[in-house]
There are 2 protein chains.
Amino acid sequence: MRPYAQVLEQLRTAGLRPTRQRLALAKLLFENGPRHMTAEALHVEAQKAAIRVSLATVYNTLHQFTEAGLLREIVVDTSRSYFDTTTYEHGHFYHEGSGLLMDIEDQVQLAHMPNLPAGTKISGVDVVIRLSDA
Amino acid sequence: MRPYAQVLEQLRTAGLRPTRQRLALAKLLFENGPRHMTAEALHVEAQKAAIRVSLATVYNTLHQFTEAGLLREIVVDTSRSYFDTTTYEHGHFYHEGSGLLMDIEDQVQLAHMPNLPAGTKISGVDVVIRLSDA
DNA sequence: TTCACTGCAAATGATTTGCAAAGCA
DNA sequence: TGCTTTGCAAATCATTTGCAGTGAA
């Protein structure tokens with residue numbers, strides 16, 4: 001539930017114009033609580049909401065929002081990209097059967113951080129718990 | 001450094017014939033310590049070793065070995081699949097710039113396991129520490 | 001003799017890109 | 001007016017698949 005003003009602000013900061021398509025997609029993404037969307041799914045949802053936007057623009061917009069810090073890309077499946085509206089670092093449950101991706105609400109932390117290879121620094125820590133039906 | 005006999009044994013168990021291509025690829029994969037390979041990289045390596053094998057067969061073989069439990073697939077990048085010769089659960093360092101994937105030697109465990117969604121069970125826990133140059 | 005296996009080339013599917021038309025500052 | 005943005009269709013790229021030929025039991 002990110003406020004409209006914040007979206008505008010971040011678009012402006014990123015040098016992105018608040019076009020009809022970007023605002024409409026932002027509304028779908030941010031006015032419904034935390035979400036995990038694929039480009040295809042967002043496009044379908046836009047169509048249903050009678051928003052005229054091409055799939056190419058959905059892809060562009062997702063990447064631009066990610067660079068602007070409004071979204072975070074989550075890698076759980078080689079066959080498609082997921083974008084998460086929750087941008088701080090947190091773990092995920094991934095249900096392989098359904099393709100459903102969920103935030104892990106509890107704090108998941110590593111018991112201890114391993115030593116890094118020389119000359120490197122951490123750019124992110126991904127924790128994915130893969131689920132199947134019990 | 002998996003022994004030849006074990007590879008044969010696991011191929012037999014999986015109902016896979018020990019063909020020239022499978023044995024040659026197994027040798028490249030398992031006789032050089034722990035490795036993380038993409039299909040493309042393994043194909044190039046095979047060519048250099050004068051092993052005649054098509055890219056399609058490399059793909060088939062990687063998947064068959066994975067199903068047979070000789071390899072584990074690691075998801076770190078939507079643009080390509082990595083296969084790990086170390087099959088027990090362990091974390092990875094992924095260097096985004098170079099595409100290099102490394103095992104984390106220290107034991108990385110979660111500080112505590114979160115509650116799972118109802119009706120699900122864990123099929124795997126992936127920990128990936130993304131690295132960039134310091 | 002049969003069924004598995006391989007290689008080739010074509011198909012696939014998600015994503016990206018080139019470019020002309022349309023939109024916003 | 002001048003730079004962005006969009007949409008379409010074509011291009012890409014890793015991966016998969018159809019199928020005829022090859023090989024192993």
Side-chain angles (χ1 to χ4, degrees), chain A residues 7-28 36-47 49-68 70-71 73-83 94 99 101, chain B residues 7-8 10-28 36-47 49-68 70-71 73-83 94 96 99 101:
Chain A
V7 172
L8 275 181
E9 170 59 24
Q10 290 196 249
L11 289 183
R12 191 177 308 119
T13 303
L16 298 171
R17 289 180 182 170
T19 62
R20 173 179 62 76
Q21 290 88 337
R22 286 181 185 144
L23 292 177
L25 293 175
K27 189 171 179 189
L28 289 179
H36 302 85
M37 303 285 286
T38 61
E40 195 72 50
L42 181 56
H43 187 232
V44 167
E45 195 166 303
Q47 315 262 256
I51 296 164
R52 285 179 300 98
V53 58
S54 71
L55 184 55
T57 295
V58 171
Y59 274 105
N60 288 336
T61 302
L62 286 171
H63 287 131
Q64 290 154 352
F65 282 12
T66 300
E67 277 176 42
L70 288 163
L71 294 174
E73 190 171 354
I74 309 295
V75 178
V76 286
D77 184 329
T78 32
S79 77
R80 60 183 173 242
S81 292
Y82 285 81
F83 295 85
Y94 182 60
L101 185 63
Chain B
V7 171
L8 274 181
Q10 289 197 250
L11 288 183
R12 191 177 309 118
T13 302
L16 297 172
R17 290 180 181 170
T19 63
R20 174 178 63 74
Q21 290 86 338
R22 286 181 184 144
L23 292 177
L25 292 176
K27 189 170 180 188
L28 288 179
H36 302 85
M37 303 287 284
T38 62
E40 196 71 50
L42 181 56
H43 188 232
V44 167
E45 195 168 302
Q47 315 260 259
I51 297 165
R52 285 178 299 97
V53 59
S54 71
L55 184 54
T57 294
V58 171
Y59 274 105
N60 288 336
T61 300
L62 287 172
H63 287 131
Q64 290 154 352
F65 281 13
T66 299
E67 278 176 43
L70 288 163
L71 294 174
E73 189 170 355
I74 309 295
V75 179
V76 288
D77 185 331
T78 31
S79 77
R80 61 185 167 225
S81 292
Y82 284 83
F83 295 85
Y94 183 58
E96 314 241 30
L101 185 63

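To find a chain, count down the sequence lines: A is the first, B the second, and so on, and within it residues start at 1. The analysis underlying the following values was restricted to heavy atoms, covering all of them including side chains, and did not include hydrogens, waters or symmetry mates.
Take B/Ala46 and apply the side chain to side chain contact (heavy atoms under 4.5 Å, CB included) test, not counting sequence neighbours, and it matches B/Leu25, B/Leu28, B/Ile51, B/Val53. Evaluation of the ring pair (Phe, Tyr, Trp, His ring centres under 6.0 Å) rule for A/Phe83 yields A/His63 as partners, not counting sequence neighbours. With sequence neighbours left out, the side-chain hydrogen bond (donor to acceptor under 3.5 Å, both in side chains) criterion links B/Thr57 to B/Ser54. Qualifying side-chain hydrogen bond (donor to acceptor under 3.5 Å, both in side chains) partners for A/Arg20, counting only residues two or more places apart in sequence or in other chains: none. By the ring pair (Phe, Tyr, Trp, His ring centres under 6.0 Å) test, A/His43 pairs with no residue at all, sequence neighbours left out.
Each of C/dT15, C/dT16, D/dT15 was ranked by its minimum atom distance to the side chain of B/Ser81; first place goes to D/dT15. Nearest to the side chain of A/Arg80, among D/dT5, C/dT15, C/dG7, sits C/dT15.
At a threshold of 4.0 angstrom between heavy atoms, the contacts of B/Gln21 are confined to the sugar-phosphate backbone, with no base atom among them. Using a 4.0 Å heavy-atom cutoff across all strands shown, A/Thr38 reaches no nucleic acid atom at all.
Distance CG (B/Leu55) to P (D/dT16): 10 Å, rounded to an integer number of Å. One atom, CG of B/Leu11, and another, C1' of D/dA24, lie 15 Å apart when rounded to the nearest Å. Taking atom OH of A/Tyr82 as the reference point, atom P of C/dA14 lies 12 Å away to the nearest angstrom. Distance, A/Leu42 CG to C/dA14 P: 15 Å, rounded to whole Å. The separation between A/Leu62 atom CG and C/dT16 atom P is 10 Å, rounded to whole Å. Between the C1' atom of D/dC13 and the CG atom of B/Asp77 lies a distance of 13 Å, rounded to the nearest Å. With rounding to whole Å, A/Met37 atom CE is found 13 Å from C/dT15 atom P. As rounded to whole Å, 12 Å separates atom C1' of D/dA14 from atom CZ of B/Phe83.
The CG atom of B/Leu11 lies 7.0 Å from the CZ atom of B/Arg22; values are rounded to the nearest 0.5 Å.
Checking the phosphate oxygens (OP1, OP2) of C/dT6, no side-chain nitrogen or oxygen of B/Thr57 falls inside 4.0 Å. Listed pair B/Arg22 / C/dT6 meets the phosphate criterion, a side-chain N or O lying under 4.0 Å from OP1 or OP2. Contact between the side-chain N/O atoms of A/His63 and the OP1/OP2 oxygens of C/dT16 is found at a separation under 4.0 Å. Distances shorter than 4.0 Å separate none of the side-chain N or O atoms of A/Tyr59 from OP1 or OP2 on C/dT16.
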Extract from the structure each pairing of a protein N or O with an N or O of nucleotides 17-24 of chain C at less than 3.5 Å, listing the distance.
from   : atom 1 : to      : atom 2 : distance (Å)
C/dG23 : N2     : A/Arg17 : NH1    : 2.8
C/dC24 : O2     : A/Arg17 : NH1    : 3.4

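Mapped onto DNA chain D by nearest heavy atom, B/Ser79 and A/Thr61 fall at different nucleotides, with A/Thr61 at the one closer to the 5' end.
Shown here for A/Thr38 and A/Arg80, the closest heavy-atom pair between the two residues is CG2-CD, 3.8 Å.
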